[in-house]
Structure formats: structure tokens, C-alpha cells
Amino acid sequence: MHGIRFNDIHSYEDLNLILSKVNIPPATPKTNYVDIPGGDGSADLTEALGEVKFKDRECTFTFTVFPCDDFEEKKREISNLLNGRRFKIVLDKDPDYYWDGRCSINEYASDRQKHEIVIGATVAPYKLKHDPTVVMVEGATTEVVRLWNSRKTVVPTISVIGLFPASITFGTKTINLGTGMWKVPDIELVEGNNELIVTCNGMVTFEYQEGDL
């Protein structure tokens, strides 16, 4: 039975909720249009400060409660477990990704035929891959490293192990990093292939979380 996992809580296996409807709307860009007085149309400033940003998504998940000898008890159970809490939300039909967001109880509905609970979730615009992408360079070497990234721009975590600093060239900038864990804002991965030149005597590991719209 397909359902949804809220962290470690599965809607059907743990709560006997039957998933009947999923509404995850498309991501809405944060646009910025400025009217041109006395002129046609408007000036599009959406990307004036960089890439397009997106609003949070307002999702709803509708569940049928069956069997349900005591709907009031089930309402109490679901509210205590989920209402107001933040979760990694995983749909069984899309198991390689998760949504990060806060849940709310939107509606209880009951009649002679069925009982329903509608759970809302305000989630970040990107769905994230479960497993981080990890690329490693090892040995005494100079290599061209290509880091493939999905739509979401991300700064990778860089782990360096070695007796001497590692040198990483990205675009026009070269950064030297000693042993340790680093986040370098100048190394920002965009969508597609990102090419770096790595010189090291030890091990350099890039780790980052890809996100899709």
C-alpha cells in the first residue's frame, strides 16, 4: 500500500491511513517586475541579484481512515504525532527524494461512509536527494574533477586529508585548503557539470546534497 513517510512514521504501516490524494504544487518563482512609467511593459528584475529564487510550496495529503472504530482517538493520535512538527517527507512513489517541511492538520472530515484527515505541509521549494553526492580525489595528483549537480545551487563540503594543503581551482579562483572540513562560498555548484582542478597529496572529498524542482 503506497503511503508517505514522515521521518520514521509511515502513514499506512504505522497509522493505518490510506493515502487517497497528493497535492504538491509546482514551485512558484519569486519574480520582480517594475513598471516603466510612460513606456511599454515592465522591467524584469527577477535575476538582478543572481539566480531565480522560489517560494515555499504548500502541499496537502488526504488520507482515508480505515478501519476506524474511534475516529476521535485517531484524530488525537495523528495530531499529537504530526501537527506543527518538521519532517523529512518521503512519498513511496518517489523514494529517492525527500521534502523538508513543517506539517499541520488542515481538516478532519467524517460522515457515514468514511473518515478523512487532510495533512498540510509547508515545504522548501526543492526536493532533495536522499543520498548526498560524494566525489573523491586520492593520491599525489593533479586532476580535472567534474561535479555534476541538479537544479539547486549548492556549496559543497570539502574534506581535506594530507601533509600539505590541497589546491582547488574553480573558474578564475584558486583556493588552498589544509587538512580539515571546509565550506568555501567561492565554490558554488550550479546546474550541470562544474569543472575544478584539484592538486593534492592525500585525499580531497567533495560532498553535497542535490535538489530538483
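The figures that follow rest on heavy atoms only: side chains count, while hydrogens, waters and symmetry mates do not. In this text the structure is predicted, and so the values were computed from the model without any measurement.
- Ser104 and Asn106 share a donor-acceptor pair across their side chains, judged by distance under 3.5 Å alone.
- In this structure, Val198 and Ser167 have side chains that are not in contact, with every pair of non-hydrogen atoms separated by 4.5 Å or more.
- The pair Lys173-Asp186 counts as a salt bridge, with a side-chain nitrogen and a carboxylate oxygen less than 4.0 angstrom apart.
- Ile187 and Trp182 fall within a single hydrophobic cluster, where Ile, Leu, Val, Met, Phe, Trp and Tyr side chains are chained together by heavy-atom contacts under 4.5 Å.
- Both Trp99 and Val22 are part of a single hydrophobic cluster, where members link through side-chain heavy atoms under 4.5 Å apart.
- When atom types are taken as modelled, the side chain of Lys93 and the backbone of His2 share no donor-acceptor pair closer than 3.5 angstrom.
- Under the 3.5 Å distance criterion, with hydrogens and angles disregarded, no donor-acceptor pair is assigned to the side chains of Thr153 and Glu188.
- For Asp100 (side chain) and Lys88 (main-chain N/O), no donor-acceptor pair under 3.5 Å exists by modelled atom type.
- With a 4.5 Å cut-off on side-chain heavy atoms, Thr46 and Pro29 do not count as touching.
- When only modelled atom types and interatomic distance are considered, Glu210 and Thr133 share a side-chain donor-acceptor pair under 3.5 Å.
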Using the rule given for side chain to side chain donor-acceptor pair (under 3.5 Å), can you reason through Glu58 versus Thr122, listing the C-alpha separation, both sets of side-chain angles and the distance that settles it, and then say yes or no?
CA-CA 5 Å; Glu58 298 296 335; Thr122 301; 2.8 Å; yes
List the steps, then state whether side chain to side chain contact (heavy atoms under 4.5 Å, CB included) holds for Phe206 with Leu196.
CA-CA 11 Å; Phe206 299 90; Leu196 305 89; 4.1 Å; yes
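- The main-chain N or O of Asn80 is found under 3.5 Å from a side-chain atom of Arg85 such that the two form a donor-acceptor pair.
- At distances below 3.5 Å, at least one donor-acceptor pair connects side-chain atoms of Asn149 with backbone N or O atoms of Leu189.
- Under the 4.0 Å criterion applied to side-chain N and carboxylate O atoms, Glu51 and Lys53 are assigned as salt-bridge partners.
- A distance-only check finds no donor-acceptor pair linking the side chain of Arg151 to the backbone of Leu213 [under 3.5 Å].
- When Ile4, Thr62, Ile78 are each tested for a side chain to side chain contact (heavy atoms under 4.5 Å, CB included) with Leu17, only one passes: Ile78.
- Proximity of Thr64 to Glu116: side-chain heavy atoms (C-beta onward) are separated by under 4.5 Å at one or more points.
- The shortest heavy-atom contact between Val160 and Ala166 is CG1-CB, 4.0 Å.
- Comment: Lys129 does not engage Asp212 in a salt bridge, judged by the lack of any side-chain N to carboxylate O separation of less than 4.0 angstrom.
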Tell me, with the steps shown, if Arg5 and Ile89 meet side chain to side chain contact (heavy atoms under 4.5 Å, CB included).
CA-CA 6 Å; Arg5 192 170 294 279; Ile89 301 169; over 6 Å; no
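- Within 6.0 Å of the OH atom in Tyr12, the count of heavy atoms belonging to other residues, nucleotides or ligands does not exceed 12.
- Contact of the Ile24 side chain with the Leu91 side chain is registered, since non-hydrogen atoms from C-beta on lie closer than 4.5 Å.
- Between the side chain of Asn7 and the backbone N or O of Ile9 there is no donor-acceptor pair closer than 3.5 Å.
- With contacts defined as side-chain heavy-atom distances shorter than 4.5 Å, the pair Leu128/Lys152 qualifies.
- Remark: the backbone N or O of Asp92 is not paired with any side-chain donor or acceptor of Asp94 at under 3.5 angstrom.
- In this structure, the separation between CG on Asp44 and OG1 on Thr31 is 7.5 Å, given to the nearest 0.5 Å.
- In this structure, Arg57 contributes its side chain and Val123 its backbone to no donor-acceptor pair below 3.5 Å.
- The two residues Phe61 and Ala121 have their closest heavy-atom pair at CE1-CB, 4.0 Å.
- Under 4.0 Å is where a charged nitrogen must lie from a carboxylate oxygen, and between Lys75 and Glu77 no such pair does.
- Cluster membership for Tyr98 and Phe6, using ILVMFWY side-chain heavy atoms within less than 4.5 angstrom, is not shared.
- Val144 and Val204 are not part of a single hydrophobic cluster, where members link through side-chain heavy atoms under 4.5 Å apart.
- In this structure, Ala27 and Phe54 approach most closely via the heavy-atom pair CB-CD2, 3.7 Å.
- A side-chain N or O of Thr174 and one of Thr169 form a donor-acceptor pair less than 3.5 Å apart.
- Linking ILVMFWY residues whenever their side-chain heavy atoms come closer than 4.5 Å, directly or via other members, leaves Val90 and Tyr97 in distinct clusters.
- Distance alone, capped at 3.5 Å, places no donor-acceptor pair between the Ser11 side chain and the Gly3 backbone.
- Between Tyr208 and Ser150, the side chains place no donor N or O within less than 3.5 Å of an acceptor N or O (distance only, hydrogens not considered).
- The minimum heavy-atom distance linking His130 with Gln209 is given by the pair O-NE2, 3.5 Å.
- Side chains of Phe87 and Cys103 form a contact here, defined as non-hydrogen atoms less than 4.5 Å apart.
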Would you check, one step at a time, whether the test side chain to side chain contact (heavy atoms under 4.5 Å, CB included) holds for Leu81 with Leu15?
CA-CA 10 Å; Leu81 283 173; Leu15 303 175; 3.5 Å; yes
Begin with the C-alpha distance, continue with both residues' side-chain angles, and end with the deciding distance and a verdict on side chain to side chain contact (heavy atoms under 4.5 Å, CB included) for Val137 and Met203.
CA-CA 6 Å; Val137 179; Met203 182 184 299; over 6 Å; no
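- Side-chain contact between Asn16 and Val65: absent, with no pair of heavy atoms (C-beta onward) separated by less than 4.5 Å.
- Heavy-atom contacts from other residues, nucleotides or ligands closer than 6.0 Å to CG of Asp8 number 12 or fewer.
- Looking at heavy atoms from C-beta onward, Ser79 lies in side-chain contact with Tyr108 at the 4.5 angstrom threshold.
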